[in-house]
Every structure is written in structure tokens, then in C-alpha cells.
Amino acid sequence: MKVYPPSLLIPPVSRACGTVVLPGSKSISNRVLLLAALSSSVCRLSGVLEAEDTERMKEALSALGVDVRRDPSDASAYTVRGCSGRFPVRSARIFLGNAGTAMRTLCATLALYGGDYVLDGVERMRQRPIGPLVDALRALGADVRCLQGSGCPPVQIGPMAGIGPRCSITGSVSSQFISALLMAGQVYAGPRGLVIDIDGPLISKPYVEMTLRLMKRFGAEVEDRGNSFFVPGGAYRLDAPLRVEGDASGASYFLALGALAGGPVRVEGAGSASIQGDVEFARVLERMGARISWGPDWIEARAPESGKLRGIEVDCTAIPDAAMTLAAVALKAEGPTKLTGIGSWRVKETDRIAALQTELRRVGAKVASGEDWLTVEPPQALRSADVRTYGDHRIAMTMSLASCAGVPVRILEPGCVAKTYPTYFDEFAAVTGCEF
Ligand SMILES: O=C(O)C1=C[C@@H](OP(=O)(O)O)[C@@H](O)[C@H](O)C1
Ligand SMILES: C=C(OP(=O)(O)O)C(=O)O
């Protein structure tokens, strides 16, 4: 994995253009690795993201005895020999870093399988909620608990006697809980299947839709009943090789560069045919005045003809990750930009509302926030600043875009991009012509 210095000084960016071939989607990669491991077939996966979050998932599956083999001639291609839901290793302590997509899905999977497992992560992971998922799993008969009683990891898992037919779970904390119950539920459901009731509104819904589409690729047809899901139960099978799409959240930074600094910037690997909700980010940029073109697996962004982007109000409930990028685009827009529906930011890699408020103010923006919203007003002139990243890859990538507002920005601890996009700053340099 690429090694970064303690800080990176990004000079003012005056022009961005070029093409970025996106790394694999984190969300799709971690789902298909797990689905392949749970399947009853030998699965060929390509385009898998090489980053910390996917490393944690692959390590965990290997520790559980699954044969996950990298193709010697292609670092992002794997053959996974599925274990039909019966992991050979019944007792393990598994470290999942800060990978929410690994922690939540493996918690549900191993709890419904049963054994003697502890799932743990970094300090921040020990502050990220998992209580509602643990409660739903207990309602299904699993022996699982939060070891520190705080509703957060580490979680301890014991033997499983028999799975119940129904559970309910809140939709307003993390959609990953529901994706986890869906994917694991299919393999371990009893003969009557499993009903998952969703309490209240469901945030980050496109991620649940992605889960359903990928389960379908593995032969499982979940019935979406509006505020509940019926999971029929049965084995996963993958009959043809599966290629992971490029990461649409990662694409947002480069589309923003195109909109902020001339363009055209084209991202390849995700487009109008994508199953990732974050491609909608391009439509939001369009509302702000950027010129956007699409193909099935590419998107291109250019600055408005006038050169002026407009501040807007946007409900970000469906695009929690790409939404952060908008906070940086707002620095060069005319008028304020208000992001709503972002309450889940508070429980991700850091409290992203608090962190962005602090860092955007550091470069001179006027920022206000509430429990689930953020308003950014562009300053007359931006200030050069040393920007903290809080170990959060998306704070580092988002704040790198402040350099498009005419000042140098120093990103502290830029290596945190390794969570999902280890080569981010190389691509940034290639598209902007910056040297750092
Ligand atoms: O299911 C997924 O792959 C994800 C769901 C989202 O989390 P929440 O559902 O917690 O909002 C998103 O922020 C995360 O990066 C990936
Ligand atoms: C919230 C994120 O990650 P995680 O999968 O750890 O929840 C993210 O990548 O922005």
C-alpha cells in the first residue's frame, strides 16, 4: 500500500482536466467478497478494491478458513471458494479496523452462524453504533452482545441454537444493519424464510438496493414489501464471473474538480448503468450549474459556461458519502449551500459535521450546522490553512478540493485515504498538474 508523508502541501489548483480510471467500489467489493464466501460455488471476482477496508474483509474471511485467492497476474482479481455458510474456523478474534461494511455484515453473519467469535476494530470503531443490529440478532435467537455494554464494538458471539422467523430494526442509524441482516439472513434463514421489518424511515436507501441487486446476482430474490423485506432463504451461487464497478463516491472528488477548475474531467468505471446511489452526485453538480455528460460506465464534468457555480439546498439522505464533496464545492459557489439529511455523518469515521465545520472555517468559510444539516457560505477570499483530517479519508479528499479556490492547502495525515482510495493524491496530481 502507498506510503504518504505526514502532510501534503497542495498548491492552488487553477486547471483540472483528464481521465481517472476509478478503483473498485468499496461497498460492492466487500459485499461480493462476503457473498462469494457464503456461496456454494467457486466465484471469480475482478475489479475488487485494494484498500484498507477490503483488506480487513479479506483477512477476516481467510481467518474464518475461506479460500480467498488473488490472481497472480491481476492484483484486483480473486477466486473465492464458497463455504456454503459453514465457516471452517469456529473460534476467532477478528480485527476489522474502521470498516463499517465489514463489521456490520460479519457481525450478522457470524451471529446467525454461531461459534466463539469476537469482532473488534480501531478506537473509532468502538464508538460507532452496532447496538440496534445486535438487538435484532438477539431477537432472532443469536447469542451476541456488545462487550463493553455501550452499543458499540467489540462484539462477542456465542453458539446459535435456531433462527427465528422475524425481526425488526431501525432504519435511521445505518443502512448497513439492514444490508447485513439481508445478506446473512438468506443463508441461515429457517424453512419459512425471514421477515425484516424496518422501523421508521430508511436512510442511505440506495445501499440497501445495492445489496438486493448483488444478492440477486448470487441467485437470491428478496421481496421488498415497502417497510419490510422477505428473505426466502437458500444457497448463494455465482454462475458467471463478476466485475466490480468503479467507486462512485471516489468519483465525486474528480467530478468536483472538473466543475471547479475547468474540466473536462472524466471518470471511468461508473456511470448511468451503475448500481451505486452516489452517481446521483453528478446530478446535484448539474443543479449547481456544472456541465455533465454520461455514458453507461463513465461520467464527465466541466465547469459552467459562466464559470460560476450556484449554491443550492440539497437533501443528502440517499448520498451520505458523496454529500461531503458538496461542502467543498460550496466554497466556490455563489450563495450558500445547505446540506440536509446528514445526521448519519456524526457516527461515521469521525463526527463529520463537526469536523467539516471546523476545517471549512479554518480556510475562511462561514459555516453553520445543526443535528443533521450543514450550511456553507463561500468567503470573499479563502485563507491558506493546515487542515486536520481526523483519520477520515473523506475529510482528506474533500478538503483537498479547497485548493481550487485559489489558495494552497496543507493536508495533515493524508495517509488516511488508504481506507478506500490509497492512490487518491496521485490521481489528484495527474488531473491538476500539481506537484507535491
Ligand atoms: O452499505 C454500505 O456499503 C455503506 C452505507 C453507508 O453507510 P450508512 O448506511 O451507515 O449511512 C455509507 O456511508 C458507507 O460508506 C457504505
Ligand atoms: C462511512 C464510510 O465507511 P464505513 O463503510 O466504514 O461505514 C465511508 O466510507 O464514508
Side-chain angles (χ1 to χ4, degrees), residues 23-35 49 51-57 96-108 119 121-122 124-133 152-153 169-183 198 201-215 244-245 247-253 275-278 280-281 316-325 327 341-353 355-356 372 389-398 416-422 424:
S25 150
K26 169 200 75 172
S27 294
I28 299 178
S29 296
N30 270 358
R31 280 169 174 74
V32 298
L33 283 164
L34 178 63
L35 292 169
L49 173 67
E52 277 175 8
D53 277 13
T54 46
E55 275 309 306
R56 296 296 87 78
M57 177 61 100
L96 296 168
N98 200 2
T101 52
M103 176 59 80
R104 277 70 179 259
T105 57
L106 284 168
C107 175
L119 304 183
V122 298
R124 175 62 183 170
M125 182 54 95
R126 290 179 167 199
Q127 298 162 0
R128 297 183 64 187
I130 201 164
L133 176 60
C152 300
I169 184 149
T170 169
S172 63
V173 178
S174 171
S175 71
Q176 293 178 8
F177 301 160
I178 292 127
S179 289
L181 288 167
L182 287 164
M183 286 192 282
I198 311 301
L202 174 55
I203 61 162
S204 307
K205 192 167 178 210
Y207 289 98
V208 172
E209 287 161 357
M210 172 196 290
T211 301
L212 299 181
R213 308 228 357 206
L214 292 170
M215 285 174 68
V244 174
E245 292 176 11
D247 195 283
S249 317
S252 70
Y253 310 104
I275 63 167
Q276 298 169 77
D278 268 1
E280 284 301 310
F281 171 82
C316 301
T317 317
I319 54 163
D321 294 355
M324 291 175 75
T325 314
I342 54 169
S344 70
W345 280 16
R346 297 212 180 265
V347 293
K348 296 195 190 263
E349 282 80 335
T350 185
D351 176 340
R352 289 174 165 175
I353 294 184
L356 271 185
D372 64 352
T389 49
Y390 309 81
D392 185 341
H393 55 144
R394 292 201 199 285
I395 300 282
M397 296 189 279
T398 299
C416 57
V417 296
K419 186 174 191 281
T420 57
Y421 206 152
Y424 173 74

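Note that this is a predicted model, so its numbers are computed, not measured. For ligands, and for the atoms within them, numbers begin at 1 and follow the listed sequence.
Between the side chain of S249 and the backbone N or O of D321 there is no donor-acceptor pair closer than 3.5 Å. S25 places a side-chain N or O within donor-acceptor distance of the main-chain N or O of I28, the cut-off being under 3.5 Å.
Shown here is R346, whose CZ atom has more than 12 heavy atoms of other residues, nucleotides or ligands within 6.0 Å.
Residues Y421 and R394 have side chains that never bring a donor and an acceptor to within less than 3.5 angstrom of each other. Checking R56 against N30 by side-chain atom types alone, no donor-acceptor pair falls below 3.5 Å. At a cut-off of 3.5 Å, with distance as the only test, a side-chain donor of R31 or T211 sits close to an acceptor on the other residue.
Around ligand 1, the residues contributing at least one heavy atom under 4.0 Å from the ligand are K26, S27, R31, T101, S174, S175, Q176, S204, Y207, P320, D321, K348. Within 4.0 Å of ligand 2, the residues that place a heavy atom are K26, N98, A99, G100, T101, R128, Q176, D321, K348, E349, R352, H393, R394, K419, listed by chain and number.
Between D392 and the choices R352, K348, K419, the salt bridge (charged side-chain N to carboxylate O under 4.0 Å, His left out) rule is met once, by R352.
Listed by chain and number, the residues in a salt bridge (charged side-chain N to carboxylate O under 4.0 Å, His left out) with E55 are K58 (sequence neighbours excluded). Under the rule for a side-chain contact (heavy atoms from CB on, under 4.5 Å), the partners of S174 that lie at least two apart in sequence or sit in another chain are R104, Q176, F177.
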